[in-house]
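Not measured: the values here are computed from a predicted model.
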2 protein chains.
Amino acid sequence: MGRKQLWDQAEVLASAMRLFRRRGYLGASLRDIEEATGLHPGSLYRVFESKDGLFRAALDAYNDQVVRGRVRVHLLEPADPVAGIRSFFTSAFETGLDPDPGCLLTNTAVESFTVPQAAAGVRRGLEAIESGFADALTRARALGLLSADLDVEESAARLLALYQGLLVLVRAGTPLTKLHTITDGAMASIGSEKEGQR
Amino acid sequence: MGRKQLWDQAEVLASAMRLFRRRGYLGASLRDIEEATGLHPGSLYRVFESKDGLFRAALDAYNDQVVRGRVRVHLLEPADPVAGIRSFFTSAFETGLDPDPGCLLTNTAVESFTVPQAAAGVRRGLEAIESGFADALTRARALGLLSADLDVEESAARLLALYQGLLVLVRAGTPLTKLHTITDGAMASIGSEKEGQR
DNA sequence: TCCTTAGTTGAACGATCGCTCACAAAAATA
DNA sequence: TATTTTTGTGAGCGATCGTTCAACTAAGGA
């Protein structure tokens, strides 16, 4: 009974993700959101209750789709986990002519003092990345690609920090060559020989 | 001739730094700034012209005093550059009961799409840190504390990324033990044996 | 002492913020 | 068809935003 919802919630959340990633929570006004999603405030508020509710929904969707998707494709599934870790890094900054690089998770972590309701979602996303690293490292070790006495837990934590740092540098406009240098160093630091992998 | 300025510019900039570090540029309203600095808008605008002008002045002061000060104390001056690198990291998160941890540089880098005037200052600060790492690494290599074939440029870039990543994780509320784990891993990754250094 | 100059004060401006709600439009039910 | 229920629309609300400025205060020079 009643009228059908004319818009797709996943599409709207995808638009909101992009907007929030570019401008941050405080930097994205409701007028911006209306323009990005094509919705009027009434519809937005009926479903998401508030700007904050929309943001939390967008962050959850980002975790479920973007973050976990990238973790799966680069860290869990590849037959060569070492190459997967590398591509997890490079795909974060080799975004072509993307006008708003960076990661909603990283940006929100930094903004989370002004948007405390988002802290839990941030933590969940970071954990997903870290355990993805741990999985890839464990598999790489089992395959003999990395040293048998590699400390997986420590290395996963360090790769997470390095990944977040890369996303900060991306936002600061660091040139691609330097980001590649950092990636190469990161791979070497877990004991990958990376000959001819580029 | 005329009246004397009743307030100290350095003190006001220090208050502004703290406020901007905690809340970000967009999250700090002029009413907040008035309360934090004790100044009325007329005085603020006479000297700094705009909120943006105050922010740029605060970021410059942060670079000149906080960032370069930390670089000097931990990276340039210590007789043991390896221990200095370690303390540069740990002092970033062992801030006691500081209610607003993190780094204005990191936070501004992330926010720099909504505050583009700050991008230049961010870049300058990041460069100061990176060249500080390079200096410490070069000295450590010369002292025989690190391997002679350590790639200083690459390691400095990677330490910068790791440092920025740590400051993201600090903001996300990561427990101290994990931050220490990451620091230990970072030291090991440049070839430090770090026996009994805590 | 009076005038000029520099600095302080805080009320108030227009713009924009997040948000509400009365109304219209479409689908399901009677 | 008439009624009920859900969804869409957008004007406009009070609050707060960054900013301005006229009145006021203190210091130096004549």
### Query
B/Pro41 has a side chain; which of D/dA11, C/dA12, D/dT20 sits nearest to it?
D/dT20

### Task
Please state how far atom OH in B/Tyr45 lies from atom P in D/dC17, giving the value in whole angstrom units.
12 Å

### Query
So, is B/Trp7 close to the C/dT8 phosphate, meaning a side-chain N or O under 4.0 Å from OP1 or OP2?
yes

### Message
Heavy-atom nearest nucleotide on DNA chain D for B/Gly2 versus B/Glu34: which residue maps closer to 5'?
### Response
B/Glu34

### Query
Would B/Arg86 and B/Ser192 count as having a side-chain donor-acceptor pair, cut-off 3.5 Å?
no

### Query
Which nucleotide in the set D/dT19, C/dC17, D/dG8 lies at the smallest distance from any side-chain heavy atom of B/Ser50?
D/dT19

### Task
Determine: side-chain N/O of A/Ser29 to OP1/OP2 of C/dC17, distance under 4.0 Å, yes or no.
yes

### Query
Closer to the 5' end of DNA chain D via nearest nucleotide, is it B/Asp32 or A/Gln5?
A/Gln5

### Query
Which nucleotide in the set D/dG10, D/dT7, C/dA27 lies at the smallest distance from any side-chain heavy atom of A/His40?
D/dG10

### Task
Could you verify whether a donor N or O on one side chain and an acceptor N or O on the other, from A/Asp184 and A/Thr181, lie under 3.5 Å apart?
no

### Message
As a test of reading the structure: which of D/dG8, D/dT19, C/dG18 is closest to the side chain of A/Leu30, going by heavy atoms?
### Response
C/dG18

### Task
Look at all strands and tell whether A/Leu6 reaches a base, only sugar-phosphate, or nothing, counting heavy atoms closer than 4.0 Å.
sugar-phosphate

#### Entry: Side-chain N,O (B/Ser43) to OP1/OP2 (C/dG7) below 4.0 Å
no

### Message
Please say yes or no: joined through hydrophobic side-chain contacts below 4.5 Å, possibly via intermediate residues, are B/Val168 and B/Leu160 part of one cluster?
### Response
no

### Task
Report yes if a donor N or O on one partner sits less than 3.5 Å from an acceptor N or O on the other, where the partners are the side chain of A/Arg3 and the base of D/dT6; otherwise report no.
no

